[in-house]
Amino acid sequence: MIVDQKGLPKEIVLKLLDEYLQEDMNYGFGRILGSMCTSPHPFAKMVYSKSMEKNLGDLHLFPGTAKLEREAISMIGSLLSKPDAIGYIVSGGTEANLTALRVARNLSKKDRPEVIVPKSAHFSFDKAADLLGLRLLKVRLDENFQVDIKAVKEAITRNTVAIVGVAGSTELGVVDPISDLSEIALDRDIYLHVDASFGGFVLPFLRDIGYDSPDFDFKFKGVCSITADPHKMGLAPIPAGGILFRDSDFMSVVGVRAPYLSLGGVTQHTILGTRCGASAVAVWALLKHMGREGYQKVVKRCMELTNMVVKKVERTKKVYPIIKPTMNIVGLASPSVGPKRLADRLKQKGWAISFTSNYIRLVMMPHLKKKHILRFLSDLEVSL
Ligand SMILES: Cc1ncc(COP(=O)(O)O)c(C=O)c1O
């Protein structure tokens with residue numbers, strides 16, 4: 001395809017666009033059960049579209065947007081027991097995890113840096129290890145799918161620059177024992193990063209609504225940084241990840257001077273240069289508009305759907321949850337049909353779900369309603 005010499009009228013471009021975009025799935029249809037993203041909140045979309053020229057890479061031009069980003073980080077920090085945390089609204093969990101490991105590596109000044117992650121860690125850590133020249137040690141999980149603490153201790157060497165704990169694993173929503181990891185980190189003077197990319201906008205509200213939700217955040221003194229993404233359960237438009245640090249001193253090891261920018265330049269601590277200010281504006285507006293109560297309601301609805309799935313499948317006796325869900329992610333195993341075959345059958349019926357080698361995986365996101373799940377459960381039953 002080439003760029004036409006003469007531009008096309010907007011109506012024609014829109015018609016062409018529609019032809020492509022209607023191939024996409026739509027959260028509103030209630031058929032997407034395997035995604036950690038969802039339809040953005042309409043208020044956030046409106047605010048985002050008003051702020052699309054804002055560039056957080058050039059702070060002198062956009063001091064108001066920079067202030068909004070700082071306040072958004074402080075609000076997220078308040079959900080994570082540290083309103084004075086510092087950090088950035090980034091492009092997503094991948095960039096947030098990369099940023100954290102960049103800080104950890106640079107702080108340590110080790111020649112052959114190693115990072116310990118649980119086997120359940122997201123593949124973004126593989127990318128980060130590749131980019132940062134880190135050796136990634138993936139340690140085993142215990143019978144609860146949490147990182148095995150003994151295995152973490154055994155994996156520590158003099159080259160260890162960071163340990164990672166996950167608070168809401170991608171496959172099952174499991175929270176690692178962050179308290180134990182924090183003790184190890186303090187004891188051995190190792191950087192601890194918590195990946196709460198998904199859990200960051202779930203776990204703080206679960207406790208509020210009466211669930212027995214595990215602690216995972218800056219409450220533990222060993223936790224140096226946390227990933228918590230607004231573009232997942234935070235209802236923000238993509239891209240919006242969050243990286244938060246306990247201490248502003250950490251930033252000194254990743255600062256890069258950008259001299260050509262306005263008013264004598266700035267020092268950037270992020271990986272990206274030009275940064276999407278609209279994301280930060282939308283996250284700020286959403287946190288203000290939703291308040292704690294707004295998110296509590298969202299999480300409550302998602303958990304009700306999760307509990308409904310668990311209860312109904314247990315009755316069938318043909319599928320069972322791999323573990324009791326901690327949050328709105330369910331892994332379902334079926335002894336009679338393998339996960340790939342089952343996912344294929346459900347796909348033929350129009351469902352978008354993911355699967356692992358042992359189970360199919362459902363993520364009960366805010367775009368789902370009870371009627372969608374009931375329809376899904378009846379399709380599941382006939383697919384077994
Ligand atoms: C635990 C966890 N960490 C990191 C990521 C990566 O986030 P993103 O896709 O926003 O880069 C994900 C994505 O699902 C995740 O579940």
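Start at 1 with the first residue, then count along the sequence. Whatever order the structure lists them in is the order used to number ligands and atoms, beginning at 1. No experiment lies behind these values; they were computed from the predicted model shown.
The aromatic rings of Y27 and H367 lie tilted to each other, with the angle between the two planes from 30° to 60°.
The nearest heavy-atom contact from the protein to atom 9 (O) of ligand 1 is K232 NZ, 4.1 Å. Scanning the protein for heavy atoms near atom 6 (C) of ligand 1, the closest one is H122 CE1, 3.2 Å. Considering only non-hydrogen protein atoms, atom 16 (O) of ligand 1 sits nearest to T170 OG1, 2.9 Å. In terms of protein heavy atoms, atom 14 (O) of ligand 1 is closest to M36 SD, 3.2 Å.
In the vicinity of G168, heavy-atom distances shorter than 4.0 Å reach the ligand 1 atoms 1 (C). For ligand 1 and N97, the ligand atoms under 4.0 Å from any heavy atom of the residue are 3 (N), 4 (C).
Using a non-hydrogen distance threshold of 4.0 Å, A96 does not register as a contact of ligand 1.
Side-chain contact between P339 and T356: absent, with no pair of heavy atoms (C-beta onward) separated by less than 4.5 Å.
No donor-acceptor pair under 3.5 Å is formed between the side chain of H231 and the backbone N or O of I238.
Between R207 and D215, at least one side-chain N (NZ, or NE/NH1/NH2) sits under 4.0 Å from a carboxylate O, which counts as a salt bridge.
Closest heavy-atom approach to atom 1 (C) of ligand 1 within the set T94, V164, D195, I238: this belongs to D195.
D344 pairs with exactly one of K347, K340, R341 by the side-chain hydrogen bond (donor to acceptor under 3.5 Å, both in side chains) rule, that one being K340.
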*Evaluate ring pair (Phe, Tyr, Trp, His ring centres under 6.0 Å) for H41 paired with H289, printing each intermediate quantity in order.*
CA-CA 10 Å; H41 192 293; H289 175 62; 5.4 Å; yes
*Going through the checks in order, is the side chain to side chain donor-acceptor pair (under 3.5 Å) test met by E114 and T157?*
CA-CA 8 Å; E114 296 176 356; T157 70; 2.8 Å; yes
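Close N/O approach between E95 and ligand 1 is not found [any backbone or side-chain N/O within under 3.5 Å].
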